[in-house]
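Both backbone and side-chain heavy atoms feed into the values below; hydrogens, waters and symmetry mates do not.
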Protein chains: 2
Amino acid sequence: MRKRCNVVELLARGQVASTVHRVGVLKVISRSPKAIAPRSLLQEIRKTTPIDKVTLYRILDLFVAKKILRRMTGQKGTMCYEVMCEKHNPQHPHFVCRTCGDMECLEGIDISDVKQRLRHTRYIEEEAIDLKLEGVCGKCRTKKSFKKKGNPV
Amino acid sequence: MRKRCNVVELLARGQVASTVHRVGVLKVISRSPKAIAPRSLLQEIRKTTPIDKVTLYRILDLFVAKKILRRMTGQKGTMCYEVMCEKHNPQHPHFVCRTCGDMECLEGIDISDVKQRLRHTRYIEEEAIDLKLEGVCGKCRTKKSFKKKGNPV
DNA sequence: AATTTTATTGCAACTTAGTTGCATTGTGTT
DNA sequence: AACACAATGCAACTAAGTTGCAATAAAATT
């Protein structure tokens with residue numbers, strides 16, 4: 001489980017003015033154990049504050065530009081977001097469930113050698129490296145609908 | 001540049017009946033040096049034969065299910081496709097240009113050690129491993145609009 | 001403090017990728 | 001030919017994300 005980053009510090013680091021919505025968005029993301037998609041993000045935030053989807057998308061774009069968040073492509077082309085903080089949440093590969101679309105973080109797997117091999121071949125920013133694996137998550141594997149199809153357990 | 005796979009063999013291997021559209025789709029994909037998105041695919045195919053987008057999407061789904069094609073997530077959530085053939089087109093990482101969305105194949109980079117490390121942690125199918133890097137491709141880097149912004153060359 | 005300026009948010013309408021249901025056409029079998 | 005079934009096309013739809021613009025909130029200027 002990820003240690004939490006300080007929301008105010010993150011905003012300051014990105015030189016982004018603090019607003020209710022920005023803090024709210026960042027709080028939800030930093031508390032999520034998995035990378036999170038705009039859809040779930042909206043749902044979570046709206047439990048406490050009403051927010052328009054356009055506002056959310058704009059905040060997410062801003063945070064990615066200011067390197068406060070990492071953006072990864074998830075299932076079916078929806079994006080997923082996580083806090084970009086080398087200290088509390090260093091870069092790691094992700095596991096995407098092809099059934100439910102959940103994006104788990106695969107911590108403790110070192111990919112520095114892969115990065116090393118690739119760094120000089122293109123103009124690739126360090127944080128742009130996105131190692132992704134697809135499969136079926138534990139939750140989905142135990143569902144009857146999945147087992148019924150004769151899939152391996 | 002990739003060696004071409006035999007379209008008829010690929011269909012036979014997947015136990016998929018041969019039709020004009022299926023052969024057409026597979027021909028365009030197998031001739032493309034890069035992984036290709038449905039949008040460009042439609043454009044290419046329509047140069048010779050009229051085809052509905054629904055037909056294309058259904059053929060692509062079928063080919064992915066029958067392991068004739070690999071599907072990867074590209075820019076902004078559009079999917080990209082390439083021929084799945086260990087002999088002529090072994091699995092490899094991809095480089096996605098964040099400006100134009102092109103997906104280049106990074107051949108000659110071995111990631112078997114990464115796979116090895118990950119194989120037993122989850123139920124992950126061999127071919128589901130998707131190593132993706134993001135950056136700016138050579139073509140986009142030389143464009144005035146990109147240089148103007150003071151980006152590194 | 002009142003006013004001007006600038007940044008942030010919300011609303012409506014739009015774009016694009018991809019999907020679904022159903023009718024139509026094509027293909028193979030007897 | 002008649003039948004069954006697979007493949008295709010069409011129209012309408014969903015869902016993610018975007019754009020333009022007006023409304024509001026915050027910050028700066030007088």
Please give, in whole Å, the distance from dA7(C) C1' to Leu62(A) CG?
11 Å

Residues Glu134(B), Arg70(A): salt bridge by 4.0 Å N-O rule:
no

If the cut-off is 4.0 Å, is Tyr57(B) near the phosphate of dT19(C), judged by side-chain N/O to OP1 or OP2?
no

Co-membership, hydrophobic cluster, residues Leu26(A) and Leu42(A), 4.5 Å side-chain:
yes

Within a reach of under 6.0 Å around CZ of Arg46(A), are more than 12 heavy atoms found that belong to other residues, nucleotides or ligands?
yes

Nearest-nucleotide 5' precedence on DNA chain D, Ser18(A) against Val16(B):
Val16(B)

Length of the CD1-P vector between Ile59(A) and dA7(C), whole Å:
16 Å

In whole angstroms, how far is the P atom of dT25(C) from the CD1 atom of Ile51(B)?
18 Å

Taking the side chain of Ala17(A) as heavy atoms from C-beta outward, which of dT9(C), dT8(C), dT16(C) is closest to it?
dT8(C)

Side chain of Lys53(A) only, heavy atoms from C-beta on: which candidate in dA15(D), dA7(D), dG17(D) is closest?
dG17(D)

Once you round it to whole Å, what is the distance between P of dT19(C) and CE of Met79(B)?
8 Å

Non-hydrogen side-chain atoms of Cys137(A) and Glu104(A) separated by less than 4.5 Å:
yes

Among the nucleotides dC11(C), dT8(D), dA16(D), whichever has the atom closest to the side chain of Asp52(A) is dC11(C)

Which nucleotide in the list dT9(C), dG9(D), dG10(C) gets nearest to the side chain of Thr19(A)?
dT9(C)

With a 4.0 Å limit, can you tell me whether Thr78(B) has a side-chain N or O closer than that to the phosphate oxygens OP1/OP2 of dA17(C)?
no

Quick one: Gln43(A) CD to dA16(D) P, roughly how many Å, whole number?
11 Å

If you check every side-chain atom of Val54(B), which of dA16(D), dT19(C), dG17(D) has the closest atom?
dT19(C)

Would you indicate what Arg58(B) reaches in the nucleic acid, counting non-hydrogen atoms under 4.0 angstrom: base, sugar-phosphate, or nothing?
base

How many Å lie between CG on Leu41(A) and P on dG17(D), as a whole number?
11 Å

dG17(D) P sits how many Å from Leu60(A) CG, rounded?
9 Å

DNA chain C nearest-nucleotide lookup for Arg71(B) and His21(A): closer to the 5′ end is His21(A)

Nearest-Å distance for atom pair CG/C1', residues Leu56(A) and dC11(C)
16 Å

Looking only at non-hydrogen atoms, find the nearest pair between Gly74(A) and Met103(A) and report the distance.
CA-CE, 3.8 Å

